[in-house]
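Working notes, structure below.
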Amino acid sequence: MPYTPDSELDLLFPTEYISDEVRSQLHPDLHLRPLASTDYRRGHLDILSVLTVVTDPGEEAWVAQFNAMRAAPRTYYGIVIVDKPSDRIVAVGCVFVERKFLRGLGSVGHIEDIAVDKNQQGRKLGLRIIQALTTISENSGCYKTILNCSDSNIPFYQKCGFERKENEMAKYA
Ligand code: ACO
């Protein structure tokens, strides 16, 4: 299937939020853009399953979740890297902008759900996803950008310019 340009897609947020500098560093066969309402069909969940267990809710429920995210403006920034020749997604990530009462009504960017196709790992796609998300976070006025990760991913995030800070706590339902 041929590659679909951004102008023909129904995007989660405006494509102008994606850093041109980060885009220019990708191989010409790859394209970085906001998540689109038809990305269920481009293998979005297949790539997420590289990260963790994914239960396929079906396209209709996936699109309803996409629309719920878009209904909260300037909050959810899901991005993808698409392989142009196949029009399939090869990398995904998200930054969620949390508004606060402290720090002069500041905001914090939370990076979530980073995953790169197993066959494409080690080619700087993860780095480009993190750079693009951090740019969105900083351009949104966030005073910091944070994330949780496993010990084995610490070196990757250090290469992306992050440093270790405090601990993660979790309580599963
Ligand atoms: N240990 C040490 N160094 C690493 C690791 C690692 N696990 N992963 C990447 N690096 C290094 C690379 O060697 C590279 O270094 P260099 O600049 O010296 O060459 C640099 O980090 C950038 O690596 P990329 O090529 O951009 O990494 P990649 O595209 O493979 O993406 C990722 C990394 C996202 C961790 C990928 O391997 C992946 O999808 N893993 C499975 C899912 C996962 O763990 N996702 C992250 C969960 S945490 C979260 O979502 C907030």
Side-chain angles (χ1 to χ4, degrees), residues 3 12-13 17-36 39-40 42-57 62 65-66 68-69 72 74-100 107-140 142-173:
Y3 155 68
L12 184 59
F13 61 90
Y17 285 52
I18 305 286
S19 161
D20 287 335
E21 193 187 333
V22 176
R23 272 183 168 157
S24 70
Q25 289 169 309
L26 284 171
H27 186 279
D29 274 352
L30 297 172
H31 179 59
L32 175 63
R33 61 161 170 78
L35 187 70
D39 279 344
Y40 176 89
R42 294 185 183 85
H44 177 254
L45 296 182
D46 295 337
I47 300 302
L48 269 183
S49 70
V50 173
L51 169 64
T52 188
V53 179
V54 175
T55 310
D56 186 347
W62 187 100
Q65 186 78 313
F66 175 93
M69 287 181 177
R74 301 183 304 283
T75 305
Y76 292 100
Y77 296 94
I79 64 173
V80 297
I81 295 176
V82 179
D83 172 64
K84 288 181 179 177
S86 62
D87 203 22
R88 297 290 292 178
I89 293 170
V90 292
V92 302
C94 179
V95 65
F96 158 68
V97 175
E98 175 205 6
R99 290 175 182 76
K100 288 187 170 288
S107 295
V108 172
H110 298 263
I111 285 182
E112 292 282 343
D113 302 345
I114 307 300
V116 176
D117 183 359
K118 279 200 164 63
N119 298 321
Q120 300 268 1
Q121 289 179 8
R123 299 180 60 202
K124 304 266 192 279
L125 303 197
L127 173 67
R128 300 299 171 227
I129 289 275
I130 296 299
Q131 289 172 331
L133 293 175
T134 308
T135 302
I136 291 170
S137 179
E138 291 176 357
N139 286 346
S140 300
C142 294
Y143 70 89
K144 68 176 176 182
T145 306
I146 59 177
L147 58 88
N148 294 324
C149 73
S150 62
D151 286 351
S152 63
N153 279 331
I154 289 174
F156 165 68
Y157 287 110
Q158 285 172 331
K159 290 251 162 97
C160 294
F162 285 68
E163 61 188 52
R164 210 172 166 158
K165 189 101 191 329
E166 297 168 348
N167 301 301
E168 172 189 340
M169 305 286 285
K171 185 171 186 293
Y172 286 83

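Nothing here was measured: the structure is a model prediction, and the numbers come from that model. Worth knowing before you read on, the calculation uses all heavy atoms, side chains too, and leaves out hydrogens, waters and symmetry mates. Counting starts at 1 for both ligands and their atoms, following the listed order.
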**Report entry** Residue part near ligand 1, for R128, under 4.0 Å between non-hydrogen atoms
**Finding:** neither
Query - Neighbour count above 12 (heavy atom, 6.0 Å) for R74 CZ - result: no
Query raised in the report: So, Y3 and D29: side-chain donor and acceptor under 3.5 Å apart, yes or no?
Result: no
Query raised in the report: Which protein non-hydrogen atom lies closest to atom 6 (C) of ligand 1, naming both residue and atom, and how far is it?
Result: S152 O, 3.8 Å
Query raised in the report: Are D117 and R88 ion-paired here, with the side-chain N under 4.0 Å from a carboxylate O?
Result: no
Report task. Find all atoms of ligand 1 within a distance of less than 4.0 Å from any non-hydrogen atom belonging to L125, and give their numbers and elements. Result -> 26 (O), 29 (O)
Query - Contact atoms of ligand 1, heavy-atom distance to G126 under 4.0 Å - result: 26 (O), 28 (P), 29 (O), 31 (O)
Requested in this report: Return the residue, atom name and 0.1 Å-rounded distance of the protein heavy atom closest to atom 18 (O) of ligand 1.
Outcome: K159 NZ, 3.0 Å
Query raised in the report: To the nearest 0.1 Å, how far is atom 27 (O) of ligand 1 from its closest protein heavy atom, and which atom is that?
Result: F156 CE1, 3.6 Å
**Report entry** Protein heavy atom at shortest distance from atom 48 (S) of ligand 1
**Finding:** Y157 OH, 3.2 Å
Report task. Kindly state if atom 12 (C) of ligand 1 has a protein heavy atom within a strict 4.0 Å cut-off, that is, under 4.0 Å? Result -> no
Requested in this report: Please say whether L147 places an N or O atom under 3.5 Å from an N or O atom belonging to ligand 1.
Outcome: no
Query raised in the report: Do A115 and ligand 1 have an N or O pair less than 3.5 Å apart?
Result: no
Requested in this report: For atom 50 (O) of ligand 1, find the nearest protein heavy atom and state the residue, atom name and distance (0.1 Å precision).
Outcome: I114 N, 3.0 Å
Report summary line: Counting from 1 in the order shown, the ligand 1 atoms closer than 4.0 Å to a non-hydrogen atom of N148 are 48 (S), 49 (C), 51 (C)
Query raised in the report: What atoms in ligand 1 come closer than 4.0 Å to a heavy atom of G122?
Result: 25 (O), 28 (P), 29 (O), 30 (O)
Query raised in the report: By number and element, which atoms of ligand 1 are closer than 4.0 Å to a non-hydrogen atom of D113?
Result: 50 (O)
Report task. Would you mind checking which non-hydrogen protein atom is closest to atom 35 (C) of ligand 1, with the distance to 0.1 Å? Result -> N153 OD1, 3.5 Å
Report task. Over all heavy atoms of both residues, which pair between Y77 and L133 is shortest? Give the atoms and the distance, please. Result -> O-CD2, 3.7 Å
**Report entry** Any donor-acceptor pair under 3.5 Å from S19 side chain to E21 backbone
**Finding:** yes
Report task. Taking the side chain as every heavy atom from C-beta outward, state whether V116 and V50 have any atom pair closer than 4.5 Å. Result -> no
Query - Contact (N/O only, under 3.5 Å) between C149 and ligand 1 - result: no
Query raised in the report: Any ion pair linking R33 and D39 (charged N to carboxylate O, less than 4.0 Å)?
Result: yes
Query - Side chains of K159 and L127 in contact at under 4.5 Å (non-hydrogen atoms) - result: no
Query raised in the report: Ion pair present between K100 and E98, side-chain N to carboxylate O less than 4.0 angstrom?
Result: yes
Requested in this report: Please write down residue, atom name and distance for the protein heavy atom closest to atom 26 (O) of ligand 1.
Outcome: L127 N, 2.8 Å
Query raised in the report: Roughly how far apart are I18 CD1 and L32 CG, rounded to 0.5 Å?
Result: 5.0 Å
Query raised in the report: Considering only heavy atoms from C-beta outward, does the side chain of R164 approach that of D151 to under 4.5 Å?
Result: yes
Query raised in the report: Quick one: which of Q158, Q121, K124 has a heavy atom closest to atom 38 (C) of ligand 1?
Result: Q121
**Report entry** Separation of I89 CD1 from D87 CG (nearest 0.5 Å)
**Finding:** 8.5 Å
Requested in this report: Check whether any side-chain heavy atom of Q25 sits under 4.5 Å from a side-chain heavy atom of K124, and report yes or no.
Outcome: no
Query raised in the report: What protein heavy atom sits nearest atom 47 (C) of ligand 1, and how far off is it?
Result: L51 CD1, 3.4 Å
Report task. For P155, take its heavy atoms, then give the atoms of ligand 1 lying under 4.0 Å from any of them. Result -> 1 (N), 2 (C), 3 (N)
Report task. Mark up the atoms of ligand 1 that fall under 4.0 Å of a heavy atom belonging to R123, in ascending order. Result -> 25 (O)
Query raised in the report: Between the candidates T52, V116, D117, which shows the shortest non-hydrogen contact distance to atom 39 (O) of ligand 1?
Result: V116
